[in-house]
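For this chain, numbers begin at 1 and follow the sequence in order. Every heavy atom of this structure was used, including side-chain atoms; hydrogens, water molecules and symmetry mates were not. As the structure lists them, so they are numbered: ligands from 1, and atoms in each ligand from 1.
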Amino acid sequence: MQFFLDTADIDEIRQGLDWGVVDGVTTNPSLIAKQGKPYLPTVKEIAELCPGPVSGEVLATDVEGMLEQGRRLAGLADNVVVKIPLLPAGLQAVRTLTEEGIKTNVTLCFSANQALVAAKAGATYISPFVGRLDDVGQDGMELIEDIVEIYRNYLFETEVLVASVRHPMHVHQSAIIGADVVTLPLKALSQLYRHQLTDIGLANFLADWETTGKTFDD
Ligand code: E4P
């Protein structure tokens with residue numbers, strides 16, 4: 001399973017890469033807006049920092065606009081993946097970009113049928129938003145189960161990229177289901193490392209050794 005960081009914050013990306021578990025980065029217009037920096041240069045900076053796939057999203061919503069922006073995004077660096085919203089025009093653009101050898105990440109997926117048509121269009125990744133489904137009272141992880149099963153049934157090569165991840169259970173369940181990638185904020189990634197018994201156990205080990213009055217070299 002691959003871990004992508006869902007952020008446009010350069011410091012967070014550096015931190016995640018230093019931990020050695022980050023395989024790629026996903027951005028979106030909201031995340032880049034939060035940084036208060038220009039759009040394309042931010043995607044380029046991230047793609048230069050992270051050797052793995054970096055998703056940069058088109059802002060256009062018509063086919064020609066998405067194709068033009070998608071080609072410019074892809075031209076920034078070899079590892080840029082063009083993120084395209086799940087619209088009929090978006091899937092038309094995905095088909096063309098795929099034929100041109102450009103990788104795509106179809107975003108804002110909220111149903112299994114949307115994932116099915118994205119795979120038929122040739123998407124490299126599909127991004128179902130589990131947290132946003134949970135927010136409106138639907139089970140986001142059920143959608144992941146359905147998509148993984150459908151893709152297996154028909155041997156689609158599109159990778160399931162679980163997005164809108166809010167907490168460690170989303171990651172745990174994604175791994176059990178067999179999703180290909182989860183993209184998550186740095187805070188959620190850091191929570192994967194933590195367990196109170198680890199902290200208590202370590203404190204006890206060190207306290208017990210302290211009672212001996214000896215050092216590591218004694
Ligand atoms: C995915 O690519 C999106 O950028 C992201 O996961 C959306 O997450 P949110 O619902 O927390 O905004």
Within-cut-off N or O pair, T27 and ligand 1, under 3.5 Å: no

Partner of V130 by side-chain contact (heavy atoms from CB on, under 4.5 Å), out of V182, V162, L143: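 For V130, the side-chain contact (heavy atoms from CB on, under 4.5 Å) test succeeds with only one of V182, V162, L143, which is V162.
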
Separation of R132 CZ from D135 CG (nearest 0.5 Å):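 That separation rounds to 8.5 Å.
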
Distance (rounded to the nearest 0.5 Å) between L97 CG and Q92 CD: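 Output value for this atom pair is 11.0 Å.
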
Counting non-hydrogen protein atoms only, what is the nearest one to [atom]? Give residue, atom name and distance.
| atom | value |
| --- | --- |
| atom 8 (O) of ligand 1 | S164 CA, 3.4 Å |
| atom 12 (O) of ligand 1 | R132 NH2, 2.8 Å |
| atom 7 (C) of ligand 1 | F129 CE2, 3.6 Å |
| atom 5 (C) of ligand 1 | D6 OD2, 2.8 Å |
| atom 4 (O) of ligand 1 | N28 ND2, 2.7 Å |
| atom 2 (O) of ligand 1 | K83 NZ, 2.6 Å |

Numbered atoms of ligand 1 (with element) below 4.0 Å of A163, judged on heavy atoms: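 In order of numbering, the contacting atoms are 1 (C), 6 (O).
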
Test item: H170 side-chain N/O and R166 main-chain N/O as donor-acceptor pair under 3.5 Å: yes

Min side-chain heavy-atom separation E45-I10 under 4.5 Å: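 Yes, close enough: below the 4.5 Å cut-off.
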
Heavy-atom check, side chain of L73 versus side chain of L40, under 4.5 Å: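 Of all side-chain heavy-atom pairs linking L40 with L73, at least one is under 4.5 Å.
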
